[in-house]
Amino acid sequence: MKFADLGLSDELLNAVIAKGYDTPTPIQAQAIPSVLMMKDLIAIAQTGTGKTASFVLPMIDILAHGRRRAMMPRSLILEPTRELAAQVAENFEAYGKNHDLKMALLIGGVQMGDQVKALNDGVDVLIATPGRLMDLFERGKILLTGCDLLVIDEADRMLDMGFIPDIETICSKLPTNRQTLLFSATMPPPIKKLADKFLSNPKYIEVARPATTNTNIAQHKVPVASNRVKREVLRHLLKADEVQTAMIFCNRKTTVRELAKSLQRHGFAAGEIHGDMDQSARIAELDRFKDGGINILCCSDVAARGLDVKGVSHVFNFDTPWHPDDYVHRIGRTGRGGATGRAFTLVAPEDQEAIENVEKLTGAKIPVYTVDLGKAEKPERAERKPRAAKEPREAKAPREERAEKPRQDRPKRDGTKPPRAESRGKSRREEEEVDEPGVWNGPVPSFLGVSAL
Ligand code: AMP
């Protein structure tokens, strides 16, 4: 099947060709014709399957006809994180370059003034995180009654982050006869309930079994004797496995920071991205990674979720994620767009329970990869006993930012035990993965502000 068979306009086909694509991915082949027919849609698809274009492309053609009105966006795309929202906005810019459509991005960490001005001028597409959208809605700066098309992207992640009540509120403000598209990598019961309540006679598409991992990714688990030797094993793998570009995931922000510094000391071109960095620093670091200034990016889950970086050859799980779904998302950073990739998970005794939960979820045993350190370098003295880093006190965030924090009381959906509370009284998730807001001080890149398509 070719893109030309899907019913898209010639302008859009030209934009797709300019991106270098001629064959639609399975999700695009199945979703695009239904969306163009204005049907509701539930799509079970992981990131890396081309799911973004499966809604962005038909939306552009649908929105090509119609008139913008002040304060009343014509369509709304909800994304769980600012990075994902910015990425969808980039897709709109690329595919919509032959159309006269206006887009606004409503995300935390960016001054509200420009966003409000854009809304007042009228937008065709509003891409938002639920917290900032609710905030502007409550301030009366936005009306959702003209919004005929709603996309809920990464719904399972929205659930993880505690956004479902906000999404229910937002859904109830939109016209009832709107078109709704819901994308999720998995379909836990609360998402099913949301879909039953707010979608009408949806077409159901599943391009991969929920929580299965991409077959282009060779997965390995690497037993390590203790957390103390993880850095040594990692350095060995980075050198031995011809790593071109790698994302290294850690469960704690502190570990991300310390690991990046340690790798730099050992001569690796490593950077870091985690929820304690402000938005401009995160984007700058991501750009350094995309442009090749660094080839190793140490990340936390919240900061890295869904990021689409071309040609990541390796993913390393320095820690096995506590939530098995995160494993699928982490390793999905490699093997994108049909490329092959490798994913290594370091498993110390304290990761054992987590890796078993991952294998339970994906339904497959991950092959063991043994690293024989042999004569490998001894750990640095400083690394044998890492100093207990003190997490900076969290500044109190503005209301809309606080709303972007994951909630701790979300229902458990994978049958795993809830994370043990840390001695400081916070859950591990709260302490390490909360996506702390930053205040945007720098210039707004075109895709982060408001742009005409
Ligand atoms: P997504 O699942 O939307 O995050 O997309 C994953 C990657 O696949 C992105 O880098 C897209 O640019 C790329 N992509 C999307 N559609 C196609 C296509 N039809 N052919 C090849 N690559 C694609």
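Counting convention: from 1, in listed order, for ligands and their atoms alike.
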**Message:** Please identify which of these residues, L199, D40, L150, L149, meets the side-chain contact (heavy atoms from CB on, under 4.5 Å) condition with L181.
**Reply:**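 Among L199, D40, L150, L149, the one meeting side-chain contact (heavy atoms from CB on, under 4.5 Å) with L181 is L149.
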
Lys/Arg-Asp/Glu bridge criterion (N-O < 4.0 Å) met for [X], [Y]:
| X | Y | value |
| --- | --- | --- |
| E285 | R288 | yes |
| D276 | R257 | yes |
| R74 | D148 | no |
| K51 | E154 | yes |
| D319 | R330 | no |

Mark up the atoms of ligand 1 that fall under 4.0 Å of a heavy atom belonging to [X], in ascending order.
| X | result |
| --- | --- |
| F3 | 19 (N) |
| T52 | 1 (P), 3 (O), 4 (O) |
| T23 | 18 (C), 19 (N), 20 (N) |
| T25 | 17 (C), 18 (C), 19 (N) |
| K51 | 1 (P), 2 (O), 3 (O) |

**Prompt:** Taking both backbone and side-chain atoms of Y95, is any N or O found less than 3.5 Å from an N or O belonging to ligand 1?
**Reply:**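 No, since none of the N or O atoms of Y95 sits under 3.5 Å from an N or O of ligand 1.
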
**Message:** Can you tell me which portion of Q87 lies within the under-4.0 Å heavy-atom range of ligand 1? Options are side chain, backbone, both, or neither.
**Reply:**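 Looking at Q87 and ligand 1, no heavy atom falls under 4.0 Å.
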
**Asked** Relative to atom 5 (O) of ligand 1, which among P26, G50, A45 owns the nearest non-hydrogen atom?
**Response**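 Result: the heavy atom closest to atom 5 (O) of ligand 1 is in G50.
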
